[in-house]
Amino acid sequence: MIEVNGLAHVILTVSQWDKARAFYAGLLPFLGMHKVYDGNNFLYHVGGRTAIGIQRCAEGLENERFNQNRIGLHHLCFRARERADVDELHDFLTSIGTTIVRAPREDSWAPGYYSILFEDPDGIRLELNHVPGKGLLG
């Protein structure tokens, strides 16, 4: 048996390249991630023991939109270090006109679970949560 050491990277394919690139170029640095590549229809940020890449979709798929009930990604959730980070992200997202699916609130997924759910320009669902202590492993 091994124990993984985090998530190395996630690559998201987007149909609205210009809008998505601008969105993630603002969001990811706000989350403390550092841009390491930007060009050739690909944007890549690293931080928080992971990396997020954004790539342009294949030609002919520009009018497609994300559907979280299809096979593949349902949503992507970032982990916040502090509960207040969730509220701070909410303020940032509101200031840039992001679609907020669910404003910050507590849920019963784990003791103290507090999160916000929002969408990128393609409708890809993103979440930021804070779970105090060891969460479900505590």
Side-chain angles (χ1 to χ4, degrees):
M1 183 173 99
I2 68 166
E3 183 179 336
V4 296
N5 184 30
L7 186 62
H9 61 263
V10 173
I11 308 300
L12 301 174
T13 302
V14 298
S15 66
Q16 299 181 56
W17 172 251
D18 293 331
K19 289 180 182 177
R21 188 197 163 283
F23 175 79
Y24 285 102
L27 173 66
L28 298 176
F30 187 85
L31 296 176
M33 301 182 84
H34 304 279
K35 180 173 58 178
V36 295
Y37 185 80
D38 184 0
N40 195 24
N41 300 317
F42 190 72
L43 176 67
Y44 197 70
H45 282 71
V46 175
R49 294 178 55 220
T50 192
I52 302 293
I54 309 302
Q55 70 177 8
R56 185 189 295 260
C57 68
E59 190 173 321
L61 299 176
E62 295 86 358
N63 295 320
E64 293 289 319
R65 218 164 133 73
F66 177 75
N67 179 331
Q68 73 181 90
N69 293 313
R70 288 185 186 158
I71 301 300
L73 180 74
H74 183 271
H75 75 281
L76 176 63
C77 183
F78 296 94
R79 174 79 40 104
R81 294 184 184 275
E82 307 283 335
R83 179 184 167 109
D85 294 343
V86 175
D87 296 321
E88 190 174 340
L89 178 62
H90 178 260
D91 293 343
F92 171 76
L93 294 171
T94 301
S95 77
I96 63 170
T98 302
T99 299
I100 306 292
V101 176
R102 191 180 63 242
R105 73 175 194 199
E106 290 189 10
D107 279 306
S108 60
W109 302 110
Y113 193 102
Y114 186 66
S115 69
I116 181 173
L117 183 65
F118 57 100
E119 293 182 346
D120 81 352
D122 279 314
I124 296 174
R125 295 250 170 131
L126 304 164
E127 179 181 2
L128 176 69
N129 78 2
H130 176 258
V131 178
K134 294 184 179 183
L136 294 175
L137 300 178

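What's counted below: heavy atoms across the whole structure, side chains too, no hydrogens, waters or symmetry copies. Here the structure is a predicted model, which means the values were calculated and not measured.
- Scanning all heavy atoms of the two residues, the minimum distance from Thr50 to Leu7 falls at OG1-O, 2.6 Å.
- Grouping the Ile, Leu, Val, Met, Phe, Trp and Tyr side chains by contacts below 4.5 angstrom, directly or via other members, places Leu76 apart from Ile11.
- Smallest separation of non-hydrogen atoms from Asp85 and Ala80: CB-CB, 3.8 Å.
- Pairing each heavy atom of Leu128 with each of Arg79, the nearest pair is CD1-C, 4.0 Å.
- Of the candidates Glu64, Arg56, Gln55, Thr13 forms a side-chain contact (heavy atoms from CB on, under 4.5 Å) with just one, namely Gln55.
- The closest side-chain donor-acceptor pair between Asn41 and Arg21, if any, does not fall under 3.5 angstrom.
- Scanning all heavy atoms of the two residues, the minimum distance from Gly39 to Tyr37 falls at O-CE2, 3.0 Å.
- Taking the six-membered ring for Trp and thresholds of 30 and 60 degrees, Phe23 and Phe118 have ring planes inclined between 30 and 60 degrees apart.
- Among Val101, Thr99, Asn129, Ile100, the one residue that satisfies the side-chain contact (heavy atoms from CB on, under 4.5 Å) test with Leu117 is Val101.
- For the pair Pro104/Arg83, no side-chain contact is recorded, criterion being any heavy-atom separation below 4.5 Å from C-beta on.
- For the atom pair CD of Glu82 and CD of Glu88, the computed distance is 10.5 Å after rounding to the nearest 0.5 Å.
- Surrounding CG of Asp91 are more than 12 heavy atoms belonging to other residues, nucleotides or ligands, all under 6.0 Å away.
- Using a 4.5 Å cut-off between side-chain heavy atoms of Ile, Leu, Val, Met, Phe, Trp and Tyr, with links allowed through other members, Ile116 and Leu27 fall into the same hydrophobic cluster.
- Nearest heavy-atom pair across Phe42 and Gly53 is CZ-CA, 4.2 Å.
- Counting non-hydrogen atoms of other residues, nucleotides and ligands closer than 6.0 Å to CZ of Arg65 gives a total above 12.
- Within the model, atoms CG of Leu12 and CZ of Phe66 stand 8.5 Å from one another, a figure rounded to the nearest 0.5 Å.
- Nearest heavy atom pair, residue Pro132 against residue Pro111, reads CD-O, 3.5 Å.
- A 4.5 Å side-chain heavy-atom check between Ser115 and Asp107 finds at least one atom pair inside the cut-off.
- To the nearest 0.5 Å, the span separating CD1 on Ile54 from OH on Tyr24 amounts to 4.5 Å.
- Evaluated for a side-chain hydrogen bond (donor to acceptor under 3.5 Å, both in side chains) with Glu119, the options Arg125, Gln68, His75 yield exactly one hit, Arg125.
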